[in-house]
Amino acid sequence: MVDRNQKVNIAVLVSGGGTNLQAILDACGSGIITSGEVRVVISNKAGAYGLERAKKAGIPAFCITRKEAGSQEAFEEQVIEKLEEHEIGLIVLAGFLSILSEEFTSRYDHRIVNIHPSLIPSFCGSGYYGLKVHEAALAKGVKVTGATVHYVNEIPDGGEIIMQKAVEVKEGDTPEVLQRRVMEQAEWVIFPKTIEAVCAKILREKE
Ligand code: GAR
């Protein structure tokens, strides 16, 4: 769980482009994250660009799909196998768009964090992911949105909130423009910071 250099071994789970994964990798390189190190990247979607980003950074990357595994249970078993193989102490969901079972989330209580592109409790829960979140925020006409990092429990987007950052919605925003602003101003900023804080906490608890 903690390696010889006293860092928490991190697994990043992705489903798509992996810009948050990239922000985490960059933060490990620049010294924003010093209490943890990304050891493995797992995608549940074949062809996810996040897998390429991992390979470019020299990090073991695997694709495990529910379809190929045959069931949610078998899928999660294969994920757990990889997590154990890499002695993972913190699981980071970075644009991982599959809901994990209660068996899985309770096994890793306070050891899974997720980023969601809104200010929870707005525009969250089942069905709210990726661009859909920003479409809903624009449809409602909110003037402020943002991003939230939270622990993951059995309720989708329902775990304890760790960090949030607000972002302004501007006149004429499209979902794509707003998504990009939320990523740049909030997600890529608070996610690495939160991961560092959570890893440091895990290390303190081990002392
Ligand atoms: C990010 O905006 C992330 O917050 C969101 O998906 C995007 C993934 O982008 N996650 C959710 O909506 C989870 N409910 P990325 O693959 O470029 O990091």
Side-chain angles (χ1 to χ4, degrees), residues 10-28 32-33 38 40-57 59 61-66 91-101 104-105 112-140 142 144-169 173-195 198:
I10 300 171
V12 183
L13 273 54
V14 300
S15 299
T19 63
N20 277 288
L21 165 66
Q22 192 62 57
I24 295 161
L25 294 174
D26 293 348
C28 288
I32 291 171
I33 297 177
V38 180
V40 66
V41 171
I42 300 170
S43 168
N44 69 329
K45 290 268 179 278
Y49 189 64
L51 289 170
E52 291 308 311
R53 294 181 192 270
K55 284 179 199 156
K56 278 186 193 156
I59 292 162
F62 302 93
C63 177
I64 303 172
T65 67
R66 185 181 150 148
I91 302 162
V92 170
L93 308 185
F96 182 70
L97 304 181
S98 166
I99 291 174
L100 295 161
S101 73
F104 188 97
T105 57
I112 315 175
V113 294
N114 178 51
I115 183 124
H116 184 76
S118 75
L119 293 174
I120 290 174
S122 290
F123 315 116
C124 67
S126 187
Y128 286 102
Y129 58 87
L131 216 50
K132 288 179 192 290
V133 178
H134 305 291
E135 284 166 359
L138 289 175
K140 187 70 189 171
V142 294
V144 173
T145 184
T148 303
V149 186
H150 62 92
Y151 286 114
V152 174
N153 65 8
E154 71 285 1
I155 303 157
D157 299 324
E160 186 188 330
I161 291 171
I162 313 169
M163 211 181 279
Q164 293 187 300
K165 190 166 189 284
V167 173
E168 191 190 347
V169 179
D173 270 351
T174 63
E176 290 80 4
V177 167
L178 183 57
Q179 179 182 51
R180 182 77 193 181
R181 189 178 312 119
V182 169
M183 283 177 159
E184 283 176 355
Q185 295 185 8
E187 297 189 43
W188 303 339
V189 181
I190 65 170
F191 210 12
K193 273 194 201 166
T194 310
I195 291 165
V198 171

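We count ligands from 1, going down the list as the structure has it; atoms in each ligand are counted the same way. All values below come from the heavy atoms of this structure, side chains included, with hydrogens, waters and symmetry mates left out.
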**Request:** Identify which one of Ile59, Thr19, Val14 satisfies the side-chain contact (heavy atoms from CB on, under 4.5 Å) criterion when paired with Arg53.
**Result:**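 Running side-chain contact (heavy atoms from CB on, under 4.5 Å) over Ile59, Thr19, Val14 with Arg53 returns exactly one hit, Thr19.
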**Partner of Leu93 by side-chain contact (heavy atoms from CB on, under 4.5 Å), out of Val12, Leu100, Val113** =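 Exactly one option meets the side-chain contact (heavy atoms from CB on, under 4.5 Å) with Leu93, and it is Leu100.
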**Request:** List the atom of Leu13, the atom of Phe96, and the distance in Å for their closest heavy-atom pair.
**Result:**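 Taking Leu13 first and Phe96 second, the nearest heavy atoms are O-CB, 3.4 Å.
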**Prompt:** What is the minimum heavy-atom distance between Ile115 and Gly95, and which atoms define it?
**Reply:**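 Reported closest heavy-atom pair: CG2-N, 4.5 Å.
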May I ask you to list the atoms of ligand 1 that are less than 4.0 angstrom from any heavy atom of [X]?
| X | value |
| --- | --- |
| Glu187 | 1 (C), 2 (O), 3 (C), 4 (O) |
| Tyr128 | 14 (N) |
| Ile115 | 4 (O), 10 (N), 13 (C) |
| Met183 | 1 (C), 2 (O), 9 (O), 17 (O) |

Where is the nearest protein heavy atom to [atom]: which residue, which atom, and how far?
| atom | answer |
| --- | --- |
| atom 16 (O) of ligand 1 | Gly18 N, 2.8 Å |
| atom 12 (O) of ligand 1 | Gly130 N, 2.8 Å |
| atom 14 (N) of ligand 1 | His116 ND1, 3.2 Å |
| atom 6 (O) of ligand 1 | Gly95 CA, 3.9 Å |

**Message:** Under a 4.0 Å threshold between the charged nitrogen and the carboxylate oxygen, would Lys56 count as salt-bridged to Glu52?
**Reply:**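 Salt bridge between Glu52 and Lys56, a charged N being under 4.0 Å from a carboxylate O: no.
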**Request:** Give the contacting part of Phe96 toward ligand 1: side chain, backbone, both or neither, where contact means a heavy-atom distance below 4.0 Å.
**Result:**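 No part of Phe96 is near ligand 1 at this cut-off.
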**Item:** Val182 backbone acceptor or donor facing Glu187 side chain under 3.5 Å
**Value:**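 No; zero donor-acceptor contacts below 3.5 Å.
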**No-hydrogen, no-angle side-chain donor-acceptor test under 3.5 Å, Asn153 and Thr105** =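 Judged by distance alone, the side chains do not pair up.
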**Asked** Is there a heavy atom of Tyr49 sitting under 4.0 angstrom from any atom of ligand 1?
**Response**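 Heavy atoms of Tyr49 never come under 4.0 Å of ligand 1.
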**Message:** With a sphere of 6.0 Å drawn around NZ of Lys45, does it hold more than 12 non-hydrogen atoms of other residues, nucleotides or ligands?
**Reply:**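 No, NZ of Lys45 has 12 or fewer neighbouring heavy atoms, counting only those of other groups under 6.0 Å.
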**Item:** Within 6.0 Å of OH in Tyr129, more than 12 heavy atoms from elsewhere
**Value:**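 Incorrect, the count does not exceed 12.
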**Message:** Just to be sure I'm reading this right: ignoring hydrogens, which of Asn114, Thr19, Val182 gets closest to atom 15 (P) of ligand 1? Compare them by their nearest heavy atoms.
**Reply:**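 Of the listed residues, Thr19 has the closest heavy atom.
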**Prompt:** If you measure from atom 13 (C) of ligand 1 to every heavy atom of Val149, Leu93, Leu97, Leu21, which option wins on shortest distance?
**Reply:**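 The nearest heavy atom belongs to Leu97.
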**Asked** Considering distance alone, does some N or O of Tyr129 sit under 3.5 Å from an N or O of ligand 1?
**Response**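 By distance alone, the answer is no.
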